[in-house]
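These figures come from a predicted structure and were not determined experimentally.
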Number of protein chains: 2
Amino acid sequence: MLSANIEIRDYLANLIAEYNAGNGGHFTAGRLPSERELVEQFSSTRITVRDALTKLEAEGLIYRSNRRGWFVAPSRLVYDPSSRVNFYLLAAQQNKTPATQLISQRCIKGPAETREALGLVAKEKVIELVRLRSLNGRPVLFETIYLPEQRFPKLNKARLEGSLTVLMEEEYAVQICHEDNRIRVSAVYDQVAESLSLINGAPCLEVTRIRYEGDRKAFEFDKEYWVHSAIELSIPSK
Amino acid sequence: MLSANIEIRDYLANLIAEYNAGNGGHFTAGRLPSERELVEQFSSTRITVRDALTKLEAEGLIYRSNRRGWFVAPSRLVYDPSSRVNFYLLAAQQNKTPATQLISQRCIKGPAETREALGLVAKEKVIELVRLRSLNGRPVLFETIYLPEQRFPKLNKARLEGSLTVLMEEEYAVQICHEDNRIRVSAVYDQVAESLSLINGAPCLEVTRIRYEGDRKAFEFDKEYWVHSAIELSIPSK
DNA sequence: CAGTGGTCTAGACCACGAT
DNA sequence: TCGTGGTCTAGACCACTGG
């Protein structure tokens with residue numbers, strides 16, 4: 001016995017599969033019918049229709065753009081966090097158009113977790129960079145980067161929307177010696193949710209990264225929130 | 001302006017934080033108040049209460065046990081997919097009690113994706129093992145393992161609930177040379193959802209793994225579905 | 001058996017996006 | 001301004017769990 005929300009999910013999942021295979025004139029510009037249209041079509045209610053849409057969202061088959069509608073999710077960016085390939089190159093290799101927007105830049109004391117990870121003492125401050133990255137115009141990554149101020153004086157503002165790895169190498173002679181990545185499924189709220197056009201509490205993939213240089217001195221602490229349907233991690237080993 | 005579901009979320013998130021810090025007599029045995037109790041407490045409706053609970057679930061702060069109730073999520077298992085530490089050792093190191101249940105064992109042709117990954121031709125078959133793994137009695141991982149029948153004849157049934165890595169080393173002289181892991185946020189349905197006490201469409205962390213031996217011959221294909229609040233991946237590099 | 005969550009009905013009003 | 005999704009009300013019945 002199928003429940004109604006699963007029925008609707010299956011129906012849409014089939015249309016999406018056809019659309020992705022290039023066989024479908026369903027969906028103009030990847031936009032799904034409005035929730036109210038689906039309600040009519042299935043003689044159902046918005047609760048049930050939204051249940052179905054939420055399931056498809058969880059699977060990563062569709063995504064929402066806040067109050068604009070539901071869209072078929074493009075193929076995922078495949079990303080190896082242990083490789084140091086930068087975002088622009090990675091996107092280009094996978095035929096996607098990347099963009100980066102610097103949202104804010106501050107010099108602050110910083111949260112305890114960050115200070116500890118970077119081994120800061122007394123009055124040492126951190127530079128906090130907040131950036132939003134997009135693929136083909138769709139925001140997919142909200143990231144906050146913390147750098148010890150002392151290690152990176154006079155950051156070149158003009159370059160903060162480009163690859164930081166390259167900037168750090170070229171202007172500060174950074175040589176990465178080690179990197180820790182922590183990956184978990186989590187949820188986004190407030191500024192993160194709004195920036196990514198998601199609703200409060202939407203699931204995401206959270207990556208926390210600490211980078212070390214020289215004799216294992218931490219020089220960078222990152223928090224990344226990925227729109228979960230936009231990414232797949234690839235981790236080779238040995 | 002806070003919406004009601006966020007208010008309820010925040011209220012519960014605070015209680016959960018206290019409970020986890022050991023300061024709270026809230027929640028007996030980690031069980032949250034029933035949805036209907038929360039409805040009364042907040043003069044709200046189940047829709048709104050469930051919105052709040054779903055958000056907490058997405059964050060990994062609570063989990064549901066199908067039709068039994070909502071529970072505070074224990075600390076996550078930290079897991080490095082590129083290390084070959086087996087599940088039992090890993091759990092023990094983190095003070096958790098592991099268990100494995102073999103759900104089914106078959107010899108079949110297998111799905112196309114699997115056959116391709118394993119490089120099977122003509123009538124070669126695969127052994128399909130389905131297992132459920134638990135931590136402290138809570139199911140956290142549903143996995144399907146595919147092995148080429150020709151490479152692993154006469155599998156020792158008695159050992160299929162233990163570490164396969166150890167079994168393969170000891171009885172088939174397998175030497176892993178390489179491994180690919182693909183990680184994505186996805187959703188569970190049907191048998192997977194039921195086995196994990198989740199509802200259809202609940203989010204999960206999906207890991208697809210291919211292992212190679214000798215001169216890059218694939219000998220194992222795995223699909224893992226993790227209850228997302230039960231796991232955090234740790235990926236060191238360089 | 002009672003109590004839980006799972007699913008669903010049939011509406012309503014609001015905030016925001018596009019135009 | 002109109003259409004979209006976001007949030008919410010006030011119920012209902014069902015499936016399953018546990019005592």
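Counting 5' to 3', DNA chain D first comes under 4.0 angstrom of a heavy atom of chain B and last does so at the ends given by dT7(D) to dG18(D).
Neither OP1 nor OP2 of dG3(C) sits under 4.0 Å from any side-chain N or O of Ser34(B).
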Run the side-chain donor-acceptor check on residues 90-97 of chain B: report pairs under 3.5 Å with partners two or more places apart or on a different chain.
| unit_1 | atom_1 | unit_2 | atom_2 | d |
| --- | --- | --- | --- | --- |
| Gln94(B) | OE1 | Val78(B) | N | 2.9 |
| Gln94(B) | NE2 | Val78(B) | O | 2.8 |
| Lys96(B) | NZ | Ser75(B) | O | 2.9 |
| Lys96(B) | NZ | Ser75(B) | OG | 3.0 |
| Thr97(B) | OG1 | Asn136(B) | OD1 | 3.4 |

| request: Let me have a per-nucleotide readout for nucleotides 14-19 of chain C, 5' to 3', with B, S or -, counting only protein heavy atoms under 4.0 Å. | output: -BSSS-
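Arg138(A) is linked by a salt bridge (Lys or Arg N to Asp or Glu O under 4.0 Å) to nothing, counting only residues two or more places apart in sequence or in another chain. Looking at residues two or more places apart in sequence or on another chain, you find a side-chain hydrogen bond (donor to acceptor under 3.5 Å, both in side chains) between Ser34(A) and Glu37(A). Every residue two or more places apart in sequence or in another chain that forms a side-chain hydrogen bond (donor to acceptor under 3.5 Å, both in side chains) with Ser186(B) is listed here: Glu206(B). Applying the side-chain hydrogen bond (donor to acceptor under 3.5 Å, both in side chains) rule to Ser83(A) yields no partners; only residues at least two apart in sequence or on another chain are considered.
Backbone-only contact: Ser44(A) has heavy atoms under 4.0 Å from sugar-phosphate atoms and none from a base. Within the 4.0 angstrom heavy-atom criterion, base atoms lie near Arg46(A).
The salt bridge (Lys or Arg N to Asp or Glu O under 4.0 Å) contacts involving residues 39-48 of chain B comprise Glu35(B)-Arg46(B), where partners must be two or more places apart or lie in separate chains. For residues 42-64 of chain B, the ring pair (Phe, Tyr, Trp, His ring centres under 6.0 Å) pairs, not counting sequence neighbours, are Tyr11(B)-Phe42(B), Tyr63(B)-Phe71(B). For residues 189-198 of chain A, the pairs satisfying side chain to side chain donor-acceptor pair (under 3.5 Å) are Tyr189(A)-Glu59(B), with sequence neighbours left out. For the side chain to side chain donor-acceptor pair (under 3.5 Å) condition, the pairs that include at least one residue of residues 103-115 of chain B, sequence neighbours left out, are Arg106(B)-Glu128(B).
Taking the six-membered ring for Trp and the full ring otherwise, the centers of Trp226(A) and Tyr79(A) sit less than 6.0 Å from each other.
Listed by residue number, the members of residues 47-56 of chain B with any heavy atom below 4.0 angstrom from DNA chain D are Ile47(B), Thr48(B).
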